[in-house]
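Note: hydrogens, waters and symmetry copies are ignored here, and every other heavy atom, side chains too, is used. In what follows, residues are counted from 1 in the order of the sequence shown.
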Amino acid sequence: MKKYLSKLNLNHYAWAICLGCAIVFYATCGMVCNVFPVYSPFIREQWNFTNSQVSMIGTVRSLFQMFAIYLAGKFYKNVKVRKGMLMAGLVCASGHFVYALSASFPMYLVGSALAGFGYGLTSMVAVSILISRWFVKNRTLAVSLVSAASGLSTIGIPSLITSVIKNKGLSTAFLMEGILMVVLVIAAFLILRESPEEMGLTAYGAEEAPVPEASAEAKTKVCKKEPHLKGINVLLIYALIILGCSYNYGCYNAISMLSTTEGYDPSLAAVAISAAGVMLTVGKLVFGTLSTKLSLFKTSVFFMILCMLSTLALCFVRLSPMLLLCGAGLLGFSITVLSVGPVTWTEDWFPTEERLEMIRRTQVVYSIGGLVNTMLPGITADLFGGSYIPFYVFSTVCAVVTIAILVYTYKSVKWY
């Protein structure tokens, strides 16, 4: 590990950019998406919402996230990425201030809309712009590190929120979280810079970039790295992302509701979310490292198999609380492939000039998948007498289909 780290040249400012992006991701994705499920049982209990209404809060967030991602390309053409991420982060935090004032279902939807829109503009579209400017090599590792930061938000925070809610109420918990988000976004703004040129630097690894005319073998490798998937393959990629979202949106967001509806205390639900969050961080670090050491294809398939095993375990949580904790931890570890994958797969599937546009498109589809899969757990629970188990059975089937599409797509470009 020490030898590996020594090769990374951590003194380069690109890693500070990675840290700044990670802080933004912690404050937006982490607080808005990963931590929010801990509130769900308390919101339902305090305001007497149905399971479908609780799911709808996440659905509206995903809808506005999708809208923001759609606008992100134009937004960042007119606003510098650094300033844009600050503005979007503050909008994201304002959603939590609205939550703090909410006393009705429509108000929760307004807060969710603000949080989702802000997160959409600070999503992987913005991150990928900065990472592509600052990194020539180790981009997958950098994206994985940024994405891993969202999992750090669940280390201890869910239990802290549960304690604050029980002692001070929902409003205080939302207010405190909103203030923390504002502080973090401002801190990230002070770290981030638009480009290496702005600081008189070159991108990380630029000096090691291959010379295109080096040799016939080098030319062959370059050509091999410029696949161009079209037609049915692109539609299958979109289907893969939508089905995969049953995990990182549906299954992850429903952990607390699954726990409480199966008879466990909200405190244990908070521990389960923390377990998922800790392993989410570990998973993203491992995913980035394995993708570099082995291949993105093999790593992605391995993680999808783990996804399938995690929901299979969660289908039987009523048998033992250990199944809940282990299943949640494995889920957190494995869903890395569904958050980092859609960004990094584009390098294997599309030519350089199309990658940024395909990242934007896959992020829109990712939001559509989130829109669908944040609704399904609550709707399914209302249809099956309040049980969330049927949704986890559905997700297990989705994993099998997703693995098949992933293998077929990589075979189409003959990459592995």
Can you establish whether the number of heavy atoms outside [X] located under 6.0 Å from its atom [atom1] is more than 12?
| X | atom1 | result |
| --- | --- | --- |
| F67 | CZ | no |
| E357 | CD | yes |
| Y13 | OH | yes |

Okay, side chain of [X], backbone of [Y]: is any donor-acceptor separation there less than 3.5 Å?
| X | Y | result |
| --- | --- | --- |
| S112 | R61 | yes |
| Q53 | F105 | no |
| S295 | S291 | no |
| S395 | C398 | no |
| E198 | S195 | no |
| H12 | T202 | yes |
| D348 | T344 | no |
| S259 | A269 | no |
| S159 | G156 | no |
| Y26 | V146 | no |

- Message: Check this for me: does any side-chain nitrogen of one of R133 and E197 sit under 4.0 Å from a carboxylate oxygen of the other?
- Response: no

Roughly how far, to the nearest 0.5 Å, is [atom2] of [Y] from [atom1] of [X]?
| X | Y | atom1 | atom2 | answer |
| --- | --- | --- | --- | --- |
| L145 | I131 | CG | CD1 | 8.5 Å |
| T162 | K166 | OG1 | NZ | 6.5 Å |
| L280 | I155 | CG | CD1 | 9.5 Å |
| N373 | M375 | CG | CE | 8.5 Å |
| L376 | C245 | CG | SG | 11.5 Å |
| W134 | C21 | CH2 | SG | 10.5 Å |

Closest contact, heavy atoms only, [X] versus [Y]:
| X | Y | result |
| --- | --- | --- |
| A72 | V125 | CB-CG1, 3.8 Å |
| L121 | A88 | CB-CB, 3.5 Å |
| N51 | A381 | ND2-CB, 4.1 Å |
| L338 | G244 | CD1-O, 3.1 Å |
| V185 | L90 | CG1-N, 4.4 Å |
| N167 | S163 | ND2-O, 2.7 Å |

- Check step by step if side chain to side chain contact (heavy atoms under 4.5 Å, CB included) holds for Y408 and L240. CA-CA 11 Å; Y408 175 79; L240 182 158; over 6 Å; no

Between [X] and [Y], does the ring centre distance come in under 6.0 Å?
| X | Y | result |
| --- | --- | --- |
| Y252 | Y247 | no |
| F297 | W345 | no |
| Y70 | F64 | no |
| W15 | F135 | yes |
| F174 | Y39 | yes |

- Are T396 and T311 close enough, and set up right, to give a side chain to side chain donor-acceptor pair (under 3.5 Å), and what steps lead you there? CA-CA 6 Å; T396 303; T311 45; 3.0 Å; yes

Are the side chains of [X] and [Y] in touch, meaning some heavy atoms are under 4.5 Å apart?
| X | Y | value |
| --- | --- | --- |
| M176 | I179 | no |
| H96 | V32 | yes |
| E347 | L296 | no |
| F42 | T260 | no |
| F394 | T380 | no |
| M257 | P41 | yes |
| I255 | L331 | yes |
| Y410 | V301 | no |

- Message: Looking only at side-chain N and O atoms, does N233 offer a donor or acceptor that is under 3.5 Å from a partner on S412?
- Response: yes

- Query: Should L114 and C92 be marked as a side chain to side chain contact (heavy atoms under 4.5 Å, CB included) after you check the CA-CA gap, both sets of side-chain angles, and the distance that decides it?
  - Reply: CA-CA 6 Å; L114 289 169; C92 208; over 6 Å; no

- Do the numbers put R82 on top of the ring of F189, so that NZ or CZ is under 6.0 Å from the six-membered ring centre and no more than 45° off the axis? yes

- Task: Verify side chain to side chain contact (heavy atoms under 4.5 Å, CB included) between F303 and T336, making sure each step is shown before the conclusion.
- Result: CA-CA 8 Å; F303 271 67; T336 297; 4.2 Å; yes

- Exactly one candidate in Y119, Y249, Y238 meets ring pair (Phe, Tyr, Trp, His ring centres under 6.0 Å) with Y366; the answer is Y249

- Task: Decide side chain to side chain contact (heavy atoms under 4.5 Å, CB included) for R361 and V365; before the verdict, give the C-alpha distance in whole Å, the side-chain angles of both, and the deciding distance to 0.1 Å.
- Result: CA-CA 6 Å; R361 290 185 185 181; V365 174; 5.5 Å; no

